[in-house]
Novice: 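Take a look at the following structure, please.
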Amino acid sequence: MRDFARRVRKFVPLRGATGCFPTVRPWDDRTVTADASRTDDANASPPEGGGLAESPFLLACRRRPVPHTPVWFMRQAGRSLPEYLRVRDGVPMLESCARPDLVVEITMQPVRRYGVDAAVFYSDIMVPLKAIGVDLDIKPGVGPVIADPIRDAAGLAGLRPLVPDDVPYVTEAVQGLVGELGATPLIGFAGGPFTLASYLIEGGPSKNHERTKAMMYGEPELWADLMSRLADLTIAFLKVQVAAGASAVQVFDSWVGAVAPQDYRESVLPHTRRIFAEIEPLGVPRIHFGVGTGELLGPMGEAGADVVGVDWRVPLDEAVARVDPGKALQGNLDPAILFAPWETVERRARDVLARGRTAEGHIFNLGHGVLPSTNPDVLARLTDLVHEASTEDAP
């Protein structure tokens, strides 16, 4: 099966360390354009010219015909791979994100091992906050911890805008990856404003987001100012990645599922919509994802992304009914299913593929990130299954 999958996806051999990196495109706040040929015409024929133009992942994002259902996995860069654990040994998370050599190596590891249809940039949603001077750390077993939580206007005043010179290591790493990846797209990413706000206000991970919601409900002007600044931060961080060569972007608003639909529309959606509107002229597909967002899929689809990510709680054919037409869907195998016997994994993966065919475009993924103790061999086998089964079962 591995040989079949490699033939189908026309896997591009990796270039050696001496391969030349492409020259970075100048970054202008409004005029960066990574893909001038982008079209939203789902009925258009595949583009000519090979390379990225024929990427099944990019074609699916644009709701165009694909040779097979593309697949990648959230948190595929790192987590469960033994080679990742070796290179990260003794290196703190945020330090690893600021070392282009490690970023390139870790991002490439799942591409080498699995032959997925897209690479996802190895970084963390807290990187831009760290880059603008927020005193934070990512503690193993805990997550992001903020030294001085932001809970008033004085704290908010310290959130300055991000500029490309704040994150030169991101530009260098993306350039290096584009040179290595060839015809495999690179997905850049950033955190969504609600999730970033929650970490900043709570001071770390939170089950109930009580302080966050207290500000949202009780101090709406302060909340709006914070969300606006965080939207600016996300926009700037995504623009850096696209200018350096990223072929698509994903906004992870991981914890926005804690918000009721009405509150989402009033207090979150305007800021998320602005993020996607600012990125739209860059010409790259935009993906929007959150966890526990079954009741928010409709308004999330209104935010302006090209692809709506669906977690494992809502079947994809049901998600199709909740999201307005004109969107591709991404997802949504439960990451925990990968610990079941292979017969179960295969049955459930085929079910996801079948339901995904009801969408205008489908990118196979997990319903959230790869769990740390996942067997990499199961992910490799799953990648091949998706490629082969989607080819066999195509109408």
Side-chain angles (χ1 to χ4, degrees), residues 38-44 55-76 116-118 120 185 187 189 192 247-254 256-257 261 264 269 272-273 276 279-280 284-335 337 348-369 382-383 385-387 389-390 393-395:
R38 179 181 175 219
T39 177
D40 292 320
D41 182 1
N43 298 315
S55 159
F57 167 76
L58 295 178
L59 290 172
C61 286
R62 293 163 180 151
R63 301 173 289 119
R64 298 170 73 175
V66 294
H68 60 264
T69 299
V71 54
W72 70 281
F73 305 112
M74 288 182 281
R75 292 180 178 167
Q76 68 186 17
V116 285
D117 293 284
V120 59
I187 305 170
F189 77 90
S247 299
V249 296
Q250 175 160 312
V251 173
F252 286 85
D253 214 345
S254 304
V256 78
Y264 178 87
L269 179 57
T272 307
R273 181 180 283 131
F276 290 120
I279 300 302
E280 195 277 337
V284 299
R286 301 152 295 164
I287 310 171
H288 192 14
F289 175 76
V291 182
T293 53
E295 297 303 317
L296 300 181
L297 287 175
M300 285 178 67
E302 297 169 17
D306 304 285
V307 183
V308 176
V310 184
D311 76 6
W312 69 93
R313 296 170 177 86
V314 179
L316 287 178
D317 52 345
E318 174 61 25
V320 168
R322 299 186 187 188
V323 177
D324 286 341
K327 309 290 180 184
L329 296 184
Q330 178 175 278
N332 69 337
L333 187 71
D334 186 341
I337 287 176
R348 297 295 291 270
R350 287 181 179 274
D351 182 66
V352 170
L353 285 169
R355 295 176 187 273
R357 283 197 291 275
T358 66
E360 296 179 41
H362 177 218
I363 301 153
F364 189 98
N365 208 314
L366 303 180
H368 197 199
L382 178 59
T383 304
L385 171 67
V386 171
H387 286 152
S390 62
D393 298 341

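The analysis underlying the following values was restricted to heavy atoms, covering all of them including side chains, and did not include hydrogens, waters or symmetry mates.
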Novice: Under the side chain to side chain contact (heavy atoms under 4.5 Å, CB included) rule, what do Val71 and Asn365 come out as? Steps first, then yes or no, please.
Specialist: CA-CA 6 Å; Val71 54; Asn365 208 314; over 6 Å; no
Novice: Identify the two heavy atoms, one from Pro285 and one from Cys61, that lie closest to each other, and give their separation to 0.1 Å.
Specialist: CB-CB, 3.6 Å
Novice: Identify the heavy atoms of Ile363 and Ala60 that sit nearest to each other, and give their distance.
Specialist: CG1-CB, 3.8 Å
Novice: Please list, chain by chain and in numerical order, all residues satisfying ring pair (Phe, Tyr, Trp, His ring centres under 6.0 Å) with Phe73, sequence neighbours excluded.
Specialist: none
Novice: Can you sort out the partners of Thr293 under side-chain contact (heavy atoms from CB on, under 4.5 Å), two or more places apart, ordered by chain and number?
Specialist: Val256, Leu296, Leu297, Met300
Novice: As a quick check of understanding, evaluate side chain to side chain contact (heavy atoms under 4.5 Å, CB included) for Ser247 and Leu58, giving each step before the final call.
Specialist: CA-CA 8 Å; Ser247 299; Leu58 295 178; 4.3 Å; yes
Novice: Side chains of His368 and Phe289: does their closest heavy-atom pair fall under 4.5 Å?
Specialist: yes
Novice: Tell me every residue that passes side chain to side chain donor-acceptor pair (under 3.5 Å) with Glu302, counting only those two or more places apart in sequence or in another chain.
Specialist: Arg265
Novice: Can you check whether Lys327 reaches Asp306 side chain to side chain, under 4.5 Å on heavy atoms?
Specialist: no
Novice: Can any side-chain N or O of Asp334 pair as donor or acceptor with the backbone N or O of Trp312 at less than 3.5 Å?
Specialist: no
Novice: So, for Leu385 and Ala349, which heavy atoms are closest and what is the spacing to 0.1 Å?
Specialist: CD2-CB, 3.8 Å
Novice: For residues 313-323, which side-chain donor-acceptor pairs fall under 3.5 Å, sequence neighbours excluded?
Specialist:
unit_1 : atom_1 : unit_2 : atom_2 : d
Arg313 : NH1    : Asp311 : OD2    : 2.6
Asp317 : OD1    : Arg355 : NH1    : 2.9
Asp317 : OD2    : Arg355 : NH1    : 3.0
Glu318 : OE2    : Arg322 : NE     : 3.0
Arg322 : NH1    : Gly294 : O      : 2.8

Novice: Using every non-hydrogen atom in the two residues, find where Pro299 and Leu269 come nearest and quote the distance to one decimal.
Specialist: O-CD1, 3.6 Å
Novice: Identify, with sequence neighbours excluded, every residue that meets side-chain contact (heavy atoms from CB on, under 4.5 Å) alongside Thr272.
Specialist: Pro193, Asp253, Tyr264, Val268, Phe276, His288, Ala303
Novice: Test side chain to side chain contact (heavy atoms under 4.5 Å, CB included) on Val116 and Phe57 and set out the steps.
Specialist: CA-CA 10 Å; Val116 285; Phe57 167 76; over 6 Å; no
Novice: Any side-chain heavy atom of Leu329 within less than 4.5 Å of one from Thr358?
Specialist: no
Novice: Between Glu360 (side chain only) and Gly326 (backbone N and O only), is there a donor and an acceptor less than 3.5 Å apart?
Specialist: yes
Novice: If we ignore hydrogens and angles and just use 3.5 Å, is the side chain of Gln76 paired with the main-chain N or O of Ala118 as donor and acceptor?
Specialist: yes
Novice: So Phe189 and Val249, do their side chains get closer than 4.5 Å, heavy atoms only?
Specialist: no
Novice: Could you check whether His387 and Asp117, counting side-chain N and O atoms only, form a donor-acceptor pair closer than 3.5 Å?
Specialist: yes
Novice: Please check this pair: side chain of Arg286 against backbone of Gly304, looking for a donor-acceptor N/O pair closer than 3.5 Å.
Specialist: yes
Novice: Do Val284 and Ile279 come within less than 4.5 Å of each other through their side chains, counting heavy atoms only?
Specialist: yes
Novice: Please step through side chain to side chain contact (heavy atoms under 4.5 Å, CB included) for the pair Leu353 and Val386, ending with a clear verdict.
Specialist: CA-CA 8 Å; Leu353 285 169; Val386 171; 4.0 Å; yes
Novice: Specify the closest pair of heavy atoms between Ser55 and Pro185, including all atoms of both residues, with the distance to one decimal.
Specialist: OG-CG, 3.0 Å
Novice: For His362, what residues pass the ring pair (Phe, Tyr, Trp, His ring centres under 6.0 Å) criterion, not counting sequence neighbours?
Specialist: none
Novice: Give a yes or no on whether the backbone of Thr69 and the side-chain of Ser390 come within a donor-acceptor separation of less than 3.5 Å.
Specialist: yes
Novice: Side chains of Val310 and Gln330: closer than 4.5 Å at any heavy-atom pair?
Specialist: no
Novice: What is the distance from atom CZ of Phe364 to atom NE2 of His68, rounded to the nearest 0.5 Å?
Specialist: 12.5 Å
